[in-house]
Engineer: 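Submitted below is the structure of interest, expressed as structure tokens.
Letters A, B, ... are given to chains in the order of the sequence lines, protein chains preceding strands, and every chain is numbered from 1.
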2 protein chains.
Amino acid sequence: MPTALYSQQDRLLVAVDCIIFGFTGNELKALLVKRLFEPESGKWSLMGGFVKENESVEAAATRVLGQLTGLTDIYMEQLFCFGDVQRDPGGRVISVAFFALIKIDDYSEELMAEHYAGWFPLNKIPALVFDHKNMIKLAKQRLKEKAATHPIGFALLPRKFTLQQLQGLYEAIYETSLDKRNFIRKIHSLNILRKLDEKDKESSRKGAFYYVFDRDKYNQLDKEAIQFL
Amino acid sequence: MPTALYSQQDRLLVAVDCIIFGFTGNELKALLVKRLFEPESGKWSLMGGFVKENESVEAAATRVLGQLTGLTDIYMEQLFCFGDVQRDPGGRVISVAFFALIKIDDYSEELMAEHYAGWFPLNKIPALVFDHKNMIKLAKQRLKEKAATHPIGFALLPRKFTLQQLQGLYEAIYETSLDKRNFIRKIHSLNILRKLDEKDKESSRKGAFYYVFDRDKYNQLDKEAIQFL
DNA sequence: GCAAAAGTGTTTTGTCTACACCCATGA
DNA sequence: TCATGGGTGTAGACAAAACACTTTTGC
């Protein structure tokens, strides 16, 4: 019985918390839920849960994301382990934070109501339980770093999107405005988009061509070092 | 008694493991120890320990580093939480890995013997217990990323060093060779070094001037975005 | 005087930035 | 025909990369 080897050691509660980002076309938002149990019941919170004995930490995060969104195959990345002794007044809990990117339209109104969830613009995050605000801050920073060198922005956009949507996304992530021509030149030079014949006629009379992210083309690149911005 | 709130949840063993890097003048090395307890007693391992109930995860890492090196005030950074169910055959243990940089000369032979420790070049790491090899791999990668934008290399060099030592360090980190003139120009343009009057006469007849890292000058810069390479 | 490492500039190349007008279409 | 967003090119600034010879000094 191998566990006996470590029987003298303290055991801790281990949680996961998920920072879920979505993009509306104008701004980046985070998905928050009302906490329905003590302590701090009734306050806004990240979606989280405890890691079980027979479950890996990543599996716990996937499970929690699935519970809230009904989605599988979500872009998800481990962010940081928050391990302060006093971070949760309900007990000694260490929490591994994950950040996830979803296509905001995939998230149904029903699920939202069911979980008492809401989307909040990143600069209008309400008071949150524990250290969750720090988690969001760190996630935002990590998103910037990551999006600069890896094509993760596509996880936030619909399957087909216009170049202006893509640019708007990067502008939201970097909280800046970009020159249209320079941006498009840069993206095209990476050669990871495929232009469709179809146009989006929603937002202009002329219509803007849709593009899709071409995973095959991307996979041919050296995955570690493409430079978006 | 607030802990009762979460009493239904599983509790896990939580460990920390430290990847300790040092630099000899030619190559980057990692400090490993012989594991003296079961399971896998006798194999090489990272230095680690369990997180206690009343200790933060970072504090546990600092404690473990202090035990092995006798040093305080070590550069240390959280790397990643390894949470697979089967990663440790001795039980369900999740491990938060940290990477640390030390000046290799600060680490005494006596401590080394006492802990059955040894320095290993990064491309000659022996078989290690559990997932420790993955931890080193990830740490190496993180060191590259971090050193490109933050002046952490100084934590690996003696207080005073020559420009060739500094260049040698970056060459070791990036596993490449750099042009001497371009490198020096770049470093000088960052304006974070102070030249001493003293010369190192060990490695040449002419002698090379010593420099020190000037933390004051560095602190005046925008800490998030300097570009080394 | 010679071997061995230290120190020092210039040119070329490529990348990033700033900038403004015509196009296509539906109403 | 006009209002709206879509689409396109060029010139200048700046940073990165390539490249070789002279200096110092202990032996």
Engineer: Could you check whether any side-chain N or O of B/His115 sits under 3.5 Å from a backbone N or O of B/Gln67, counting only pairs where one atom can act as donor and the other as acceptor?
Structural biologist: yes
Engineer: Roughly, in whole Å, what's the span from CZ in A/Phe183 to P in C/dC16?
Structural biologist: 14 Å
Engineer: Taking the six-membered ring of A/Phe120, is the NZ or CZ of A/Lys29 close enough (under 6.0 Å from the centre) and on axis enough (within 45°)?
Structural biologist: no
Engineer: Side chain of A/Ile184 only, please: which of C/dC16, C/dT8, D/dT8 is the nearest?
Structural biologist: D/dT8
Engineer: Would you tabulate the pairs of protein nitrogen or oxygen atoms and nucleotide nitrogen or oxygen atoms of nucleotides 9-13 of chain C closer than 3.5 angstrom?
Structural biologist:
unit_1: C/dG9; atom_1: N7; unit_2: B/Arg185; atom_2: NH2; d: 3.4
unit_1: C/dG9; atom_1: O6; unit_2: B/Arg185; atom_2: NH2; d: 3.1
unit_1: C/dT10; atom_1: O4; unit_2: B/Arg185; atom_2: NH2; d: 3.0

Engineer: Between A/Ser203 and A/His188, name the one whose nearest nucleotide on DNA chain D is closer to the 5' end.
Structural biologist: A/Ser203
Engineer: Would you classify A/Thr162 as touching base, sugar-phosphate or nothing, given that sugar-phosphate means primed atoms plus P, OP1 and OP2, and contacts are heavy atoms under 4.0 Å?
Structural biologist: nothing
Engineer: Please give me every residue in residues 204-214 of chain B whose heavy atoms get under 4.0 Å of an atom in DNA chain D, ordered by residue number.
Structural biologist: B/Arg205, B/Lys206
Engineer: With a cut-off of less than 4.0 Å, is there a side-chain N or O of B/Gln227 near OP1 or OP2 of D/dA16?
Structural biologist: no
Engineer: Whole-Å distance between D/dT25 P and B/Glu202 CD?
Structural biologist: 17 Å
Engineer: Round to a whole Å and report the spacing from NZ of A/Lys186 to C1' of C/dG14.
Structural biologist: 13 Å
Engineer: For the residue pair A/Met135 and A/Ser95, what are the closest heavy atoms and their distance?
Structural biologist: CE-OG, 3.7 Å
Engineer: When you compare the side chain of B/Leu31 with that of B/Met47, does any pair of heavy atoms fall below 4.5 Å?
Structural biologist: no
Engineer: Round to the nearest Å and state the distance from B/Lys201 atom NZ to D/dT23 atom C1'.
Structural biologist: 13 Å
Engineer: Determine whether B/Tyr75 and B/Phe154 satisfy the following criterion, ring-ring contact (aromatic ring centres under 6.0 Å, His included), listing intermediate values before the conclusion.
Structural biologist: CA-CA 10 Å; B/Tyr75 180 92; B/Phe154 302 100; over 10 Å; no
Engineer: Check the distance between C/dA4's P and B/Asp200's CG and give it to me in whole angstrom.
Structural biologist: 17 Å
Engineer: Let me know the distance between CD1 of B/Ile187 and P of D/dA16, rounded to the nearest Å.
Structural biologist: 12 Å
Engineer: Indicate yes or no: at least one non-hydrogen side-chain atom of A/Thr149 is less than 4.5 angstrom from one of A/Glu145.
Structural biologist: no
Engineer: With the side chain counted from C-beta on, respond yes when A/Phe82 and A/Phe80 share a heavy-atom pair under 4.5 Å apart, and no when they do not.
Structural biologist: yes
Engineer: Tell me: NZ of A/Lys180 to P of C/dA18, nearest whole Å?
Structural biologist: 16 Å
Engineer: Within the side chain of B/Lys103, is there an N or O that forms a donor-acceptor pair under 3.5 Å with the backbone of B/Leu156?
Structural biologist: no
Engineer: Under the 6.0 Å and 45° cation-pi test, does B/Lys195 pair with B/Tyr211?
Structural biologist: no
Engineer: In whole angstroms, how far is the P atom of D/dG7 from the CG atom of A/Leu178?
Structural biologist: 17 Å
